[in-house]
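What follows is a short report on a single structure.
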Number of protein chains: 2
Amino acid sequence: MNNIYVIGVGLIGGSLAIDIKKNNPEVVIHGIGRNDNTLDEALALKLIDKKATLEDLGQADLVIVSIPVDATVKILPTVLDNISDNGLVVDVGSTKLDICKVVENHPKRRNFLAMHPIAGTEYSGPSAAIEGLFVGKTNIVCEVEKTTFKLQEKALKLFTDIGMRIRYMNPEAHDKHIAYVSHLSHISSFMLGKTVIEKEKNERDIFDMAGSGFASTVRLAKSSPEMWTPIFKQNKDNVIETLEEYINNLTHFKDLMKGDDFEAIFNEMKQTNHIKDILNGIN
Amino acid sequence: MNNIYVIGVGLIGGSLAIDIKKNNPEVVIHGIGRNDNTLDEALALKLIDKKATLEDLGQADLVIVSIPVDATVKILPTVLDNISDNGLVVDVGSTKLDICKVVENHPKRRNFLAMHPIAGTEYSGPSAAIEGLFVGKTNIVCEVEKTTFKLQEKALKLFTDIGMRIRYMNPEAHDKHIAYVSHLSHISSFMLGKTVIEKEKNERDIFDMAGSGFASTVRLAKSSPEMWTPIFKQNKDNVIETLEEYINNLTHFKDLMKGDDFEAIFNEMKQTNHIKDILNGIN
(Lines give C-alpha, C1' and ligand atoms only; values in the text may rest on other atoms or scores of the structure.)
Protein backbone atom coordinates (compact mmCIF):
# COMPACT_ATOMS: atom_id res chain seq x y z
CA MET A 1 0.00 0.00 0.00
CA ASN A 2 1.62 3.23 -1.14
CA ASN A 3 -1.00 5.85 -1.85
CA ILE A 4 -4.04 6.49 0.29
CA TYR A 5 -6.56 9.16 -0.67
CA VAL A 6 -8.88 10.56 1.98
CA ILE A 7 -11.91 12.37 0.58
CA GLY A 8 -13.07 14.59 3.45
CA VAL A 9 -10.37 15.05 6.06
CA GLY A 10 -12.54 15.67 9.12
CA LEU A 11 -13.11 13.85 12.39
CA ILE A 12 -13.35 10.35 10.88
CA GLY A 13 -11.19 10.73 7.77
CA GLY A 14 -8.50 12.58 9.69
CA SER A 15 -8.49 10.12 12.59
CA LEU A 16 -8.22 7.20 10.17
CA ALA A 17 -5.32 8.97 8.43
CA ILE A 18 -3.48 9.36 11.75
CA ASP A 19 -3.82 5.71 12.76
CA ILE A 20 -3.13 4.24 9.33
CA LYS A 21 -0.04 6.42 8.86
CA LYS A 22 1.21 5.37 12.28
CA ASN A 23 0.94 1.69 11.34
CA ASN A 24 2.23 2.24 7.80
CA PRO A 25 4.76 5.09 7.87
CA GLU A 26 5.69 4.44 4.25
CA VAL A 27 2.29 5.40 2.80
CA VAL A 28 1.58 8.81 1.36
CA ILE A 29 -1.73 10.23 2.54
CA HIS A 30 -3.42 12.45 -0.03
CA GLY A 31 -6.28 14.72 0.98
CA ILE A 32 -9.19 15.62 -1.26
CA GLY A 33 -11.90 18.11 -0.34
CA ARG A 34 -14.22 20.79 -1.66
CA ASN A 35 -12.71 23.41 0.56
CA ASP A 36 -9.05 24.26 0.05
CA ASN A 37 -8.77 25.91 3.47
CA THR A 38 -9.81 22.67 5.13
CA LEU A 39 -7.13 20.80 3.18
CA ASP A 40 -4.53 23.40 4.20
CA GLU A 41 -5.60 22.92 7.79
CA ALA A 42 -5.27 19.14 7.38
CA LEU A 43 -1.77 19.64 5.91
CA ALA A 44 -0.75 21.95 8.76
CA LEU A 45 -2.01 19.37 11.27
CA LYS A 46 0.02 16.72 9.38
CA LEU A 47 -3.10 14.60 8.86
CA ILE A 48 -2.25 14.43 5.15
CA ASP A 49 1.02 14.61 3.25
CA LYS A 50 -0.33 16.14 0.04
CA LYS A 51 -3.40 17.73 -1.49
CA ALA A 52 -4.97 15.95 -4.43
CA THR A 53 -8.07 15.89 -6.67
CA LEU A 54 -10.45 13.22 -7.92
CA GLU A 55 -8.43 13.02 -11.16
CA ASP A 56 -5.50 11.55 -9.20
CA LEU A 57 -7.42 8.50 -7.97
CA GLY A 58 -5.92 6.23 -10.64
CA GLN A 59 -2.83 6.05 -8.41
CA ALA A 60 -4.79 5.14 -5.30
CA ASP A 61 -4.30 1.85 -3.46
CA LEU A 62 -7.05 2.91 -1.08
CA VAL A 63 -9.65 5.67 -1.13
CA ILE A 64 -11.50 6.52 2.06
CA VAL A 65 -14.72 8.44 1.44
CA SER A 66 -15.50 10.28 4.68
CA ILE A 67 -17.92 13.03 3.81
CA PRO A 68 -21.63 13.58 4.58
CA VAL A 69 -23.72 10.66 3.30
CA ASP A 70 -25.57 12.69 0.65
CA ALA A 71 -22.24 13.78 -0.80
CA THR A 72 -21.04 10.16 -0.68
CA VAL A 73 -24.00 9.01 -2.75
CA LYS A 74 -23.23 11.72 -5.32
CA ILE A 75 -19.50 11.23 -5.57
CA LEU A 76 -19.08 7.47 -5.15
CA PRO A 77 -19.79 6.44 -8.79
CA THR A 78 -17.20 8.99 -10.00
CA VAL A 79 -14.67 7.75 -7.46
CA LEU A 80 -15.14 4.19 -8.71
CA ASP A 81 -14.91 5.40 -12.33
CA ASN A 82 -11.46 6.80 -11.57
CA ILE A 83 -10.01 3.93 -9.57
CA SER A 84 -7.53 1.39 -10.97
CA ASP A 85 -8.33 -2.33 -11.09
CA ASN A 86 -6.44 -2.93 -7.86
CA GLY A 87 -7.71 0.14 -6.03
CA LEU A 88 -9.98 -0.24 -3.03
CA VAL A 89 -12.67 2.28 -2.12
CA VAL A 90 -14.32 2.31 1.31
CA ASP A 91 -16.89 4.67 2.75
CA VAL A 92 -17.52 5.30 6.43
CA GLY A 93 -21.06 6.70 6.37
CA SER A 94 -23.64 6.27 9.10
CA THR A 95 -26.19 4.97 6.56
CA LYS A 96 -25.53 2.07 4.26
CA LEU A 97 -28.60 1.29 2.13
CA ASP A 98 -28.57 4.26 -0.27
CA ILE A 99 -24.80 4.15 -0.54
CA CYS A 100 -24.78 0.45 -1.46
CA LYS A 101 -27.64 1.00 -3.89
CA VAL A 102 -26.00 3.79 -5.86
CA VAL A 103 -23.10 1.52 -6.84
CA GLU A 104 -24.87 -1.85 -7.04
CA ASN A 105 -24.53 -2.02 -10.80
CA HIS A 106 -21.29 -0.13 -11.12
CA PRO A 107 -18.67 -2.05 -13.19
CA LYS A 108 -16.19 -1.48 -10.34
CA ARG A 109 -18.57 -2.62 -7.59
CA ARG A 110 -16.04 -5.27 -6.53
CA ASN A 111 -13.52 -2.52 -5.74
CA PHE A 112 -15.85 -1.02 -3.14
CA LEU A 113 -16.39 -2.03 0.50
CA ALA A 114 -19.21 -0.39 2.45
CA MET A 115 -18.44 0.12 6.12
CA HIS A 116 -19.45 2.05 9.18
CA PRO A 117 -16.75 2.42 11.80
CA ILE A 118 -18.84 3.25 14.86
CA ALA A 119 -16.66 5.81 16.54
CA GLY A 120 -16.61 9.53 16.88
CA THR A 121 -17.05 12.52 19.09
CA GLU A 122 -19.45 15.46 18.91
CA TYR A 123 -16.79 17.55 17.13
CA SER A 124 -16.02 17.85 13.43
CA GLY A 125 -13.39 19.09 10.97
CA PRO A 126 -9.65 18.36 10.72
CA SER A 127 -8.92 19.70 14.21
CA ALA A 128 -11.33 17.09 15.65
CA ALA A 129 -9.18 14.21 14.35
CA ILE A 130 -7.54 12.23 17.14
CA GLU A 131 -5.21 9.28 17.45
CA GLY A 132 -6.61 5.96 18.60
CA LEU A 133 -10.27 6.88 18.02
CA PHE A 134 -11.07 3.39 16.72
CA VAL A 135 -9.42 1.20 19.33
CA GLY A 136 -11.91 -1.35 20.64
CA LYS A 137 -14.71 0.03 18.48
CA THR A 138 -16.89 -1.86 16.02
CA ASN A 139 -16.68 -1.58 12.25
CA ILE A 140 -19.87 -2.74 10.55
CA VAL A 141 -19.10 -4.09 7.09
CA CYS A 142 -21.98 -4.47 4.62
CA GLU A 143 -22.29 -6.71 1.56
CA VAL A 144 -18.78 -8.05 2.07
CA GLU A 145 -19.44 -10.75 -0.54
CA LYS A 146 -19.71 -8.11 -3.26
CA THR A 147 -16.09 -7.06 -2.83
CA THR A 148 -13.09 -8.82 -4.40
CA PHE A 149 -11.65 -11.18 -1.82
CA LYS A 150 -8.14 -9.70 -2.02
CA LEU A 151 -9.47 -6.22 -1.39
CA GLN A 152 -11.66 -7.47 1.49
CA GLU A 153 -8.55 -8.92 3.11
CA LYS A 154 -6.63 -5.70 2.62
CA ALA A 155 -9.39 -3.60 4.17
CA LEU A 156 -9.99 -5.91 7.09
CA LYS A 157 -6.29 -6.04 7.97
CA LEU A 158 -6.09 -2.25 7.86
CA PHE A 159 -9.06 -1.81 10.17
CA THR A 160 -8.21 -4.59 12.60
CA ASP A 161 -4.68 -3.15 12.78
CA ILE A 162 -6.08 0.14 14.08
CA GLY A 163 -7.93 -1.79 16.78
CA MET A 164 -11.41 -2.36 15.36
CA ARG A 165 -13.68 -5.38 15.69
CA ILE A 166 -15.37 -6.31 12.44
CA ARG A 167 -19.06 -7.24 12.27
CA TYR A 168 -20.99 -8.15 9.13
CA MET A 169 -24.52 -7.02 8.43
CA ASN A 170 -26.72 -6.31 5.45
CA PRO A 171 -27.42 -2.62 4.70
CA GLU A 172 -31.12 -2.88 5.63
CA ALA A 173 -30.35 -4.34 9.06
CA HIS A 174 -27.54 -1.83 9.61
CA ASP A 175 -29.78 1.16 8.89
CA LYS A 176 -32.58 -0.20 11.06
CA HIS A 177 -30.42 -0.98 14.10
CA ILE A 178 -28.27 2.12 13.88
CA ALA A 179 -31.43 4.26 13.89
CA TYR A 180 -32.05 2.98 17.43
CA VAL A 181 -28.58 3.09 18.92
CA SER A 182 -27.22 6.17 17.22
CA HIS A 183 -29.60 8.28 15.17
CA LEU A 184 -32.33 8.41 17.85
CA SER A 185 -29.77 9.38 20.52
CA HIS A 186 -28.81 12.40 18.47
CA ILE A 187 -32.40 13.57 18.09
CA SER A 188 -33.19 12.98 21.77
CA SER A 189 -30.14 15.05 22.62
CA PHE A 190 -30.85 17.86 20.16
CA MET A 191 -34.46 18.16 21.31
CA LEU A 192 -33.44 18.07 24.97
CA GLY A 193 -31.05 20.93 24.28
CA LYS A 194 -33.77 22.81 22.41
CA THR A 195 -36.31 22.33 25.20
CA VAL A 196 -33.96 23.65 27.85
CA ILE A 197 -32.66 26.56 25.77
CA GLU A 198 -36.22 27.64 24.90
CA LYS A 199 -37.24 27.63 28.52
CA GLU A 200 -34.21 29.16 30.08
CA LYS A 201 -33.74 32.43 28.30
CA ASN A 202 -31.33 33.53 30.97
CA GLU A 203 -28.45 31.25 30.24
CA ARG A 204 -26.71 31.83 33.51
CA ASP A 205 -29.47 29.84 35.16
CA ILE A 206 -28.74 26.81 32.99
CA PHE A 207 -25.04 27.23 33.42
CA ASP A 208 -25.31 27.39 37.17
CA MET A 209 -27.70 24.49 37.65
CA ALA A 210 -26.76 22.05 34.94
CA GLY A 211 -24.61 19.22 36.19
CA SER A 212 -22.65 16.48 34.55
CA GLY A 213 -25.85 14.48 33.95
CA PHE A 214 -27.32 17.18 31.71
CA ALA A 215 -23.97 17.65 29.98
CA SER A 216 -23.87 13.94 29.21
CA THR A 217 -27.41 13.65 27.83
CA VAL A 218 -27.11 16.81 25.74
CA ARG A 219 -23.56 16.29 24.48
CA LEU A 220 -24.61 15.04 21.04
CA ALA A 221 -26.53 18.28 20.45
CA LYS A 222 -23.15 19.78 19.62
CA SER A 223 -22.95 17.55 16.55
CA SER A 224 -22.71 18.89 13.02
CA PRO A 225 -26.06 19.56 11.26
CA GLU A 226 -24.19 19.36 7.93
CA MET A 227 -23.38 15.74 8.69
CA TRP A 228 -26.61 14.73 10.43
CA THR A 229 -29.28 16.20 8.15
CA PRO A 230 -28.40 13.88 5.25
CA ILE A 231 -28.25 10.91 7.61
CA PHE A 232 -31.79 11.57 8.83
CA LYS A 233 -32.91 12.10 5.24
CA GLN A 234 -31.45 8.82 3.99
CA ASN A 235 -32.65 6.86 7.00
CA LYS A 236 -35.98 8.65 7.22
CA ASP A 237 -38.35 5.71 7.66
CA ASN A 238 -36.30 3.94 10.31
CA VAL A 239 -35.65 7.14 12.22
CA ILE A 240 -39.33 8.11 12.20
CA GLU A 241 -40.17 4.66 13.58
CA THR A 242 -37.71 5.05 16.45
CA LEU A 243 -39.00 8.55 17.15
CA GLU A 244 -42.59 7.31 17.32
CA GLU A 245 -41.68 4.61 19.80
CA TYR A 246 -39.61 7.03 21.86
CA ILE A 247 -42.43 9.60 21.93
CA ASN A 248 -44.91 6.86 22.90
CA ASN A 249 -42.70 5.79 25.79
CA LEU A 250 -42.28 9.37 26.98
CA THR A 251 -46.03 10.00 26.72
CA HIS A 252 -46.74 6.83 28.67
CA PHE A 253 -44.31 7.95 31.38
CA LYS A 254 -45.99 11.37 31.51
CA ASP A 255 -49.45 9.78 31.74
CA LEU A 256 -48.30 7.56 34.59
CA MET A 257 -47.09 10.69 36.40
CA LYS A 258 -50.36 12.52 35.72
CA GLY A 259 -52.23 9.53 37.12
CA ASP A 260 -49.99 9.47 40.21
CA ASP A 261 -48.97 5.89 39.45
CA PHE A 262 -45.51 6.19 40.92
CA GLU A 263 -45.26 2.47 41.48
CA ALA A 264 -45.38 2.05 37.71
CA ILE A 265 -42.89 4.92 37.31
CA PHE A 266 -40.56 3.05 39.65
CA ASN A 267 -40.96 -0.14 37.61
CA GLU A 268 -40.31 1.65 34.32
CA MET A 269 -36.97 2.81 35.67
CA LYS A 270 -36.13 -0.44 37.43
CA GLN A 271 -36.60 -2.43 34.24
CA THR A 272 -34.52 0.01 32.24
CA ASN A 273 -31.68 -0.15 34.77
CA HIS A 274 -30.87 -3.35 32.91
CA ILE A 275 -29.14 -1.05 30.38
CA LYS A 276 -26.18 -1.23 32.81
CA ASP A 277 -25.38 -4.77 31.70
CA ILE A 278 -25.58 -3.76 28.06
CA LEU A 279 -23.45 -0.65 28.50
CA ASN A 280 -20.77 -2.54 30.39
CA GLY A 281 -19.76 -3.88 27.01
CA ILE A 282 -19.32 -0.42 25.45
CA ASN A 283 -16.01 1.32 26.05
CA MET B 1 -16.98 21.31 64.64
CA ASN B 2 -16.56 17.95 66.37
CA ASN B 3 -19.43 15.67 65.55
CA ILE B 4 -20.98 15.27 62.11
CA TYR B 5 -23.90 12.92 61.54
CA VAL B 6 -24.64 11.70 58.05
CA ILE B 7 -28.14 10.27 57.61
CA GLY B 8 -27.87 8.11 54.50
CA VAL B 9 -24.26 7.25 53.67
CA GLY B 10 -24.58 6.78 49.91
CA LEU B 11 -23.15 8.54 46.87
CA ILE B 12 -23.75 12.10 48.12
CA GLY B 13 -23.60 11.58 51.89
CA GLY B 14 -20.52 9.38 51.59
CA SER B 15 -18.72 11.72 49.18
CA LEU B 16 -19.43 14.68 51.48
CA ALA B 17 -18.08 12.67 54.42
CA ILE B 18 -14.84 11.97 52.55
CA ASP B 19 -14.19 15.60 51.60
CA ILE B 20 -15.23 17.09 54.94
CA LYS B 21 -13.11 14.61 56.88
CA LYS B 22 -10.15 15.41 54.65
CA ASN B 23 -10.46 19.12 55.42
CA ASN B 24 -11.27 18.54 59.10
CA PRO B 25 -9.43 15.43 60.26
CA GLU B 26 -10.44 16.09 63.87
CA VAL B 27 -14.18 15.58 63.30
CA VAL B 28 -15.91 12.31 64.08
CA ILE B 29 -18.26 11.24 61.28
CA HIS B 30 -21.27 9.29 62.54
CA GLY B 31 -23.41 7.33 60.12
CA ILE B 32 -27.15 6.82 60.49
CA GLY B 33 -29.23 4.61 58.24
CA ARG B 34 -32.19 2.24 58.07
CA ASN B 35 -30.04 -0.59 56.90
CA ASP B 36 -27.33 -1.84 59.23
CA ASN B 37 -25.48 -3.61 56.38
CA THR B 38 -25.12 -0.33 54.53
CA LEU B 39 -23.65 1.29 57.64
CA ASP B 40 -21.22 -1.59 58.06
CA GLU B 41 -20.19 -1.13 54.44
CA ALA B 42 -19.70 2.60 55.06
CA LEU B 43 -17.57 1.77 58.13
CA ALA B 44 -15.48 -0.73 56.17
CA LEU B 45 -14.96 1.88 53.44
CA LYS B 46 -13.93 4.36 56.20
CA LEU B 47 -16.61 6.81 55.06
CA ILE B 48 -17.80 7.01 58.69
CA ASP B 49 -16.04 6.56 62.02
CA LYS B 50 -19.04 5.30 63.99
CA LYS B 51 -22.59 4.10 63.66
CA ALA B 52 -25.27 6.15 65.39
CA THR B 53 -29.05 6.62 65.68
CA LEU B 54 -31.43 9.57 65.58
CA GLU B 55 -31.38 9.66 69.41
CA ASP B 56 -27.72 10.74 69.32
CA LEU B 57 -28.36 13.93 67.33
CA GLY B 58 -28.23 16.12 70.47
CA GLN B 59 -24.43 15.88 70.19
CA ALA B 60 -24.37 16.90 66.52
CA ASP B 61 -22.62 20.04 65.31
CA LEU B 62 -23.83 19.19 61.83
CA VAL B 63 -26.38 16.75 60.45
CA ILE B 64 -26.35 15.98 56.73
CA VAL B 65 -29.62 14.45 55.51
CA SER B 66 -28.79 12.61 52.29
CA ILE B 67 -31.62 10.16 51.69
CA PRO B 68 -34.40 10.01 49.08
CA VAL B 69 -36.51 13.18 49.17
CA ASP B 70 -39.67 11.45 50.40
CA ALA B 71 -37.74 10.04 53.35
CA THR B 72 -36.26 13.49 53.98
CA VAL B 73 -39.73 15.04 54.23
CA LYS B 74 -40.72 12.35 56.75
CA ILE B 75 -37.65 12.45 58.93
CA LEU B 76 -36.63 16.11 58.88
CA PRO B 77 -39.02 17.33 61.65
CA THR B 78 -37.75 14.57 63.95
CA VAL B 79 -34.15 15.44 63.16
CA LEU B 80 -34.81 19.07 64.08
CA ASP B 81 -36.63 17.97 67.25
CA ASN B 82 -33.48 16.17 68.36
CA ILE B 83 -30.88 18.80 67.49
CA SER B 84 -29.23 21.11 70.06
CA ASP B 85 -29.56 24.88 69.84
CA ASN B 86 -26.20 25.16 68.08
CA GLY B 87 -26.68 22.18 65.78
CA LEU B 88 -26.98 22.71 62.04
CA VAL B 89 -29.06 20.46 59.81
CA VAL B 90 -28.67 20.50 56.02
CA ASP B 91 -30.37 18.39 53.39
CA VAL B 92 -29.04 17.71 49.90
CA GLY B 93 -32.24 16.74 48.06
CA SER B 94 -32.94 17.33 44.39
CA THR B 95 -36.29 18.96 45.27
CA LYS B 96 -36.60 21.87 47.66
CA LEU B 97 -40.22 23.03 47.89
CA ASP B 98 -41.78 20.16 49.87
CA ILE B 99 -38.72 19.89 52.07
CA CYS B 100 -38.76 23.57 52.98
CA LYS B 101 -42.52 23.42 53.54
CA VAL B 102 -42.46 20.54 56.00
CA VAL B 103 -40.28 22.52 58.41
CA GLU B 104 -41.49 26.05 57.73
CA ASN B 105 -43.15 26.33 61.14
CA HIS B 106 -40.78 24.10 63.05
CA PRO B 107 -39.45 25.80 66.22
CA LYS B 108 -35.92 24.88 65.11
CA ARG B 109 -36.36 26.17 61.52
CA ARG B 110 -33.38 28.49 62.02
CA ASN B 111 -31.14 25.46 62.59
CA PHE B 112 -31.92 24.12 59.10
CA LEU B 113 -30.38 25.08 55.76
CA ALA B 114 -31.92 23.68 52.56
CA MET B 115 -29.41 22.98 49.83
CA HIS B 116 -28.88 21.05 46.63
CA PRO B 117 -25.28 20.29 45.80
CA ILE B 118 -25.54 19.61 42.07
CA ALA B 119 -23.10 16.76 41.71
CA GLY B 120 -23.30 13.05 41.33
CA THR B 121 -22.86 10.05 39.14
CA GLU B 122 -25.30 7.40 37.96
CA TYR B 123 -24.20 5.08 40.79
CA SER B 124 -25.50 4.84 44.34
CA GLY B 125 -24.71 3.40 47.75
CA PRO B 126 -21.60 3.72 49.95
CA SER B 127 -19.32 2.19 47.33
CA ALA B 128 -20.31 4.99 44.91
CA ALA B 129 -18.83 7.66 47.23
CA ILE B 130 -15.77 9.35 45.75
CA GLU B 131 -13.31 12.04 46.77
CA GLY B 132 -13.54 15.46 45.16
CA LEU B 133 -17.04 14.96 43.73
CA PHE B 134 -18.01 18.55 44.53
CA VAL B 135 -15.00 20.48 43.22
CA GLY B 136 -16.15 23.24 40.86
CA LYS B 137 -19.80 22.22 41.22
CA THR B 138 -22.72 24.43 42.25
CA ASN B 139 -24.54 24.25 45.56
CA ILE B 140 -28.00 25.82 45.37
CA VAL B 141 -29.02 27.19 48.77
CA CYS B 142 -32.69 27.96 49.39
CA GLU B 143 -34.30 30.32 51.89
CA VAL B 144 -30.92 31.25 53.33
CA GLU B 145 -32.52 34.08 55.30
CA LYS B 146 -34.47 31.59 57.39
CA THR B 147 -31.28 30.12 58.88
CA THR B 148 -29.37 31.61 61.83
CA PHE B 149 -26.56 33.72 60.45
CA LYS B 150 -23.84 31.88 62.42
CA LEU B 151 -25.04 28.53 61.08
CA GLN B 152 -25.24 29.92 57.52
CA GLU B 153 -21.61 30.97 57.80
CA LYS B 154 -20.61 27.58 59.13
CA ALA B 155 -22.36 25.73 56.31
CA LEU B 156 -21.09 27.98 53.54
CA LYS B 157 -17.49 27.70 54.74
CA LEU B 158 -17.80 23.91 54.84
CA PHE B 159 -19.15 23.71 51.30
CA THR B 160 -16.86 26.31 49.75
CA ASP B 161 -13.93 24.50 51.40
CA ILE B 162 -14.80 21.34 49.45
CA GLY B 163 -14.74 23.38 46.25
CA MET B 164 -18.38 24.36 45.67
CA ARG B 165 -19.79 27.60 44.27
CA ILE B 166 -22.82 28.80 46.22
CA ARG B 167 -25.93 30.16 44.47
CA TYR B 168 -29.11 31.36 46.16
CA MET B 169 -32.58 30.65 44.88
CA ASN B 170 -36.08 30.28 46.27
CA PRO B 171 -37.46 26.71 46.44
CA GLU B 172 -40.08 27.32 43.72
CA ALA B 173 -37.49 28.59 41.24
CA HIS B 174 -35.11 25.78 42.16
CA ASP B 175 -37.70 23.07 41.53
CA LYS B 176 -38.79 24.65 38.26
CA HIS B 177 -35.29 25.09 36.80
CA ILE B 178 -33.93 21.79 38.03
CA ALA B 179 -36.82 20.01 36.31
CA TYR B 180 -35.35 21.21 33.00
CA VAL B 181 -31.67 20.70 33.54
CA SER B 182 -31.73 17.54 35.62
CA HIS B 183 -35.05 15.77 36.04
CA LEU B 184 -35.97 15.84 32.34
CA SER B 185 -32.53 14.53 31.37
CA HIS B 186 -33.11 11.49 33.51
CA ILE B 187 -36.48 10.72 31.93
CA SER B 188 -35.17 11.28 28.39
CA SER B 189 -32.36 8.87 29.19
CA PHE B 190 -34.57 6.22 30.84
CA MET B 191 -37.06 6.27 27.97
CA LEU B 192 -34.27 6.15 25.38
CA GLY B 193 -32.92 3.07 27.12
CA LYS B 194 -36.40 1.56 27.25
CA THR B 195 -37.05 2.22 23.55
CA VAL B 196 -33.83 0.58 22.48
CA ILE B 197 -34.13 -2.39 24.85
CA GLU B 198 -37.70 -3.06 23.69
CA LYS B 199 -36.67 -3.06 20.06
CA GLU B 200 -33.46 -4.95 20.27
CA LYS B 201 -34.35 -8.18 21.97
CA ASN B 202 -31.05 -9.64 20.89
CA GLU B 203 -28.74 -7.67 23.12
CA ARG B 204 -25.61 -8.54 21.20
CA ASP B 205 -26.87 -6.30 18.43
CA ILE B 206 -27.06 -3.32 20.74
CA PHE B 207 -23.74 -4.16 22.28
CA ASP B 208 -22.02 -4.34 18.93
CA MET B 209 -23.50 -1.25 17.35
CA ALA B 210 -23.86 1.15 20.23
CA GLY B 211 -21.08 3.69 20.38
CA SER B 212 -19.97 6.26 22.90
CA GLY B 213 -22.77 8.60 21.79
CA PHE B 214 -25.47 6.16 22.84
CA ALA B 215 -23.59 5.38 26.05
CA SER B 216 -23.50 9.08 26.88
CA THR B 217 -27.19 9.80 26.23
CA VAL B 218 -28.37 6.69 28.07
CA ARG B 219 -25.95 6.86 31.01
CA LEU B 220 -28.51 8.32 33.41
CA ALA B 221 -30.79 5.32 32.82
CA LYS B 222 -28.53 3.48 35.25
CA SER B 223 -29.71 5.79 38.05
CA SER B 224 -31.50 4.54 41.15
CA PRO B 225 -35.31 4.29 40.87
CA GLU B 226 -35.45 4.40 44.70
CA MET B 227 -33.97 7.89 44.59
CA TRP B 228 -35.68 9.19 41.45
CA THR B 229 -39.30 8.09 41.96
CA PRO B 230 -39.82 10.39 44.97
CA ILE B 231 -38.13 13.26 43.12
CA PHE B 232 -40.56 12.95 40.22
CA LYS B 233 -43.43 12.66 42.67
CA GLN B 234 -42.50 15.79 44.60
CA ASN B 235 -41.73 17.79 41.47
CA LYS B 236 -44.64 16.34 39.51
CA ASP B 237 -46.10 19.52 37.99
CA ASN B 238 -42.79 20.96 36.84
CA VAL B 239 -41.59 17.65 35.45
CA ILE B 240 -44.83 17.10 33.52
CA GLU B 241 -44.43 20.57 32.02
CA THR B 242 -40.89 19.83 30.83
CA LEU B 243 -42.02 16.46 29.46
CA GLU B 244 -44.82 18.08 27.49
CA GLU B 245 -42.45 20.59 25.92
CA TYR B 246 -39.91 17.89 25.16
CA ILE B 247 -42.53 15.64 23.57
CA ASN B 248 -43.82 18.60 21.52
CA ASN B 249 -40.33 19.33 20.24
CA LEU B 250 -39.75 15.69 19.33
CA THR B 251 -43.13 15.49 17.60
CA HIS B 252 -42.37 18.66 15.66
CA PHE B 253 -39.03 17.19 14.57
CA LYS B 254 -40.75 13.99 13.49
CA ASP B 255 -43.39 15.93 11.53
CA LEU B 256 -40.68 17.93 9.75
CA MET B 257 -39.08 14.63 8.75
CA LYS B 258 -42.39 13.19 7.59
CA GLY B 259 -42.92 16.34 5.50
CA ASP B 260 -39.39 16.05 4.04
CA ASP B 261 -38.55 19.52 5.33
CA PHE B 262 -34.87 18.81 5.86
CA GLU B 263 -33.96 22.46 5.64
CA ALA B 264 -35.99 23.00 8.80
CA ILE B 265 -34.39 19.88 10.36
CA PHE B 266 -31.00 21.43 9.62
CA ASN B 267 -32.04 24.69 11.26
CA GLU B 268 -33.41 22.93 14.35
CA MET B 269 -30.00 21.39 14.88
CA LYS B 270 -28.01 24.46 13.94
CA GLN B 271 -29.86 26.57 16.47
CA THR B 272 -29.41 23.99 19.19
CA ASN B 273 -25.66 23.76 18.51
CA HIS B 274 -25.61 26.91 20.61
CA ILE B 275 -25.71 24.50 23.59
CA LYS B 276 -21.92 24.30 23.08
CA ASP B 277 -21.43 27.75 24.56
CA ILE B 278 -23.60 26.88 27.51
CA LEU B 279 -21.91 23.54 28.14
CA ASN B 280 -18.46 25.06 27.97
CA GLY B 281 -19.19 26.34 31.44
CA ILE B 282 -19.95 22.86 32.79
CA ASN B 283 -16.84 20.85 33.48
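Numbers restart at 1 for each chain; the letters A, B, ... are given by sequence-line order, proteins then strands. If you're wondering where the values come from, they're calculated on a predicted model, not measured in any experiment.
With a 4.5 Å cut-off on side-chain heavy atoms, A:F232 and B:M269 count as touching. You'll find the side chain of A:V218 stays beyond 4.5 Å of the side chain of B:S185, heavy atoms only. Residues A:Y246 and B:S188 meet the side-chain proximity criterion, which asks for heavy atoms closer than 4.5 Å. Within the 4.5 Å cutoff, the side chain of A:K222 has heavy atoms near those of the B:I275 side chain. With contacts defined as side-chain heavy-atom distances shorter than 4.5 Å, the pair B:F214/A:I178 does not qualify.
Neither the backbone nor the side chain of A:E263 comes within less than 4.5 Å of any heavy atom in chain B. With a 4.5 Å cut-off on non-hydrogen atoms, B:A119 does not touch chain A at all. Within the 4.5 angstrom heavy-atom criterion, only side-chain atoms of A:I140, from C-beta onward, approach chain B. Using a 4.5 Å cut-off between heavy atoms, B:L250 touches chain A through backbone and side chain atoms alike.
Counting heavy-atom pairs closer than 4.5 Å to chain B, the top-ranked of the candidates A:L184, A:D237, A:N248 is A:L184. Chain A forms more heavy-atom pairs under 4.5 Å with one residue of B:I265, B:N249, B:T121 than with any other, namely B:N249. Each of B:Q271, B:H186, B:E244 has some count of heavy-atom pairs under 4.5 Å with chain A, and the biggest count is that of B:E244.
For NZ of B:K233, the number of neighbouring non-hydrogen atoms (other residues, nucleotides, ligands) closer than 6.0 Å is 12 at most.
When atom types are taken as modelled, the side chain of A:S216 and the backbone of B:S216 share a donor-acceptor pair closer than 3.5 angstrom. A donor-acceptor pair under 3.5 Å is formed between the side chain of A:N273 and the backbone N or O of B:A221.
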**Prompt:** Stepwise, does the side chain to side chain contact (heavy atoms under 4.5 Å, CB included) test hold for B:E122 with A:S212?
**Reply:** CA-CA 10 Å; B:E122 65 274 33; A:S212 55; over 6 Å; no
**Item:** side chain to side chain contact (heavy atoms under 4.5 Å, CB included) between A:M209 and B:H116, intermediate numbers included
**Value:** CA-CA 10 Å; A:M209 297 188 73; B:H116 180 194; 5.7 Å; no
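The pair A:K194-B:E245 fails the salt-bridge criterion, with no side-chain N (NZ, NE, NH1 or NH2) lying under 4.0 Å from an Asp/Glu carboxylate O. Ion pairing of B:K199 with A:E241 is present here, as a side-chain N (NZ or NE/NH1/NH2) and a carboxylate O approach within less than 4.0 Å. A salt bridge between B:E226 and A:K270 is present, with a side-chain N of the basic residue lying under 4.0 Å from a carboxylate O of the acidic one.
The shortest heavy-atom contact between A:L243 and B:M257 is CD1-SD, 4.3 Å.
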